[in-house]
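To find a chain, count down the sequence lines: A is the first, B the second, and so on, and within it residues start at 1. Since we're looking at a predicted model, the values are computed, not measured.
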Amino acid sequence: MQAFSDPSLFAAFYQEFQVPELPEVETTRRGIEPHIRHRTITRVIVRQPRLRWPVTPGLEQALAGQQIRQVRRRAKYLLVETGSGTLVIHLGMSGSLRILKQPQPPQKHDHIDIQLDSGDVLRYTDPRRFGAMLWLTEDPAEHPLLRELGPEPLDEVLSGDYLFEKSRGRSIAIKSFIMDSHVVVGVGNIYANEALFLSGIHPQRAAGRISLQRYQALAEQIKRVLARSIEQGGTTLRDFVGGDGKPGYFQQTLQVYGRGGKPCRACGETLKEIRQGQRSTVYCGQCQR
DNA sequence: AGAGGTACCTGGCAGC
DNA sequence: TGCTGCCAGGTACCTC
């Protein structure tokens, strides 16, 4: 990430563009649910239907009059359940949701408003439009987008044993392996870099050539880094009402991500930055083998 | 089947 | 100053 040679620029960038990783999605769920649960949708306004996929045609009619039962999360998908179907929301790379208590004129990237009988509005904003807003009438777990997903990282199913078994015979780099949503969901680029550093595993190592013991460390670190972020998102829950709808981010100090060329916090060695699958990987050649 | 690459999209920086 | 090129990233999908 050479563009951010100056740390303050990097910080400014991430204040502006908080990539919703799993902790941010969960924090968003917790932030909005109390305001929308049991409310009835009175009106839906779609200003920009061109997201990752087109917003489901007829979404406005489908949602009007529906009462929201609960908001669940599967991987980075938010599932807004009503009596007759489920609204599936993905925040993509730059999406956010917030609750408006007062009417506010829509800004450039405010693509969708969901008005509630309380007078509140749930507003979806997404500058890069990598997000999604889909209406499903079938069981969301059976939808192609959700059907093939691996276990939640914080579920006990995700363990060293699971990763070890799943990786046998695989030559793919471990970093790509843990970012594959068929293996485990919710491990984005930032947390993949961090978890590999914390467990001392070289990001390019073949997934099939890592011992059970090391996978136990990796599973533990994935859980730890995500759980800590969710915890902090919860305690710093800021401004889902009226404000920018973005959870506090990066409360925990990043060990490697965004620090290519800087000294390793553990050993002082200069951190290496490479690209894997068009994504930035940062690691310590000394600490990670 | 597995591995790797591509596309989608915008804002902001570097460099000319 | 203004333009162009590049880059960040999640994830489905394409190709080999």
A/Lys108 side chain N/O closer than 4.0 Å to the phosphate oxygens (OP1, OP2) of B/dT10?
-> no
Using only heavy-atom distances, determine whether the side chains of A/Glu273 and A/Ser280 contain a donor-acceptor pair under 3.5 Å.
-> yes
Would you mind telling me which of B/dC9, C/dG10, B/dT10 lies closest to the side-chain atoms of A/His109?
-> B/dT10
Can you find an N or O donor on one side and an acceptor on the other, under 3.5 Å apart, linking the side chain of A/Arg128 with the base of B/dG11?
-> no
Less than 4.0 Å between a side-chain N and a carboxylate O, is that true for A/Arg228 and A/Glu231?
-> no
From the options A/Arg72, A/Arg74, A/Arg73, A/Arg69, select the one residue that forms a salt bridge (Lys or Arg N to Asp or Glu O under 4.0 Å) with A/Glu81.
-> A/Arg72
Which listed nucleotide (C/dG10, B/dA3, B/dG5) is nearest to the side chain of A/Gln278?
-> B/dG5
Counting any heavy atom closer than 4.0 Å, what does A/Gly188 reach on the DNA or RNA strands: base, sugar-phosphate only, or nothing?
-> sugar-phosphate
Whole-Å gap separating C1' (B/dC8) and CZ (A/Arg279) = 11 Å
Value in whole Å for how far the C1' atom of B/dC8 lies from CZ of A/Arg50 | 10 Å
Taking every heavy atom of A/Glu21 against every heavy atom of A/Tyr191, the minimum-distance pair comes out as OE1-CD1, 3.1 Å
Within this structure, what is the CG-to-C1' distance between A/Asp126 and B/dC9, rounded to whole angstrom?
-> 9 Å
Which whole-number value in Å describes the distance from A/Asp180 CG to B/dA1 P?
-> 15 Å
Which of the following nucleotides, B/dG4, B/dT10, C/dT11, is nearest to the side chain of A/Ile172?
-> B/dG4
For A/Lys166 and B/dA3, give me the distance from atom NZ to atom P, rounded to whole Å.
-> 12 Å
Residues, nucleotides or ligands: over 12 heavy atoms within 6.0 Å of A/Glu138 CD | yes
Starting from C1' on C/dT11, measure out to CZ on A/Arg129 and report it in whole angstrom.
-> 17 Å
Could you give the CD-to-P distance, from A/Glu273 to C/dC7, as a whole number of Å?
-> 11 Å
Electrostatic pair A/Arg43-A/Asp113, nearest N-O below 4.0 angstrom = no
Where the side chain of A/Arg170 is concerned, which of B/dA3, B/dT10, C/dC7 is the nearest nucleotide?
-> B/dA3
Give the ring-plane orientation class for A/Phe164 versus A/Tyr215, where under 30° counts as parallel, over 60° as perpendicular and anything between as tilted.
-> perpendicular
Please check the phosphate of C/dA8 (OP1 and OP2 only) for any side-chain N or O of A/Arg275 closer than 4.0 Å.
-> yes
If you find the nucleotide of DNA chain B closest to A/Phe130 and the one closest to A/Ser171, which residue's nucleotide is nearer the 5' end?
-> A/Ser171
May I have the distance from A/Gln204 (atom CD) to B/dG4 (atom P), rounded to whole angstrom?
-> 10 Å
Distances for protein N or O near nucleotides 12-16 of chain C N or O, under 3.5 Å:
| from | atom 1 | to | atom 2 | distance (Å) |
| --- | --- | --- | --- | --- |
| C/dA12 | OP1 | A/Tyr77 | OH | 2.7 |
| C/dA12 | O4' | A/Arg52 | NH2 | 2.9 |

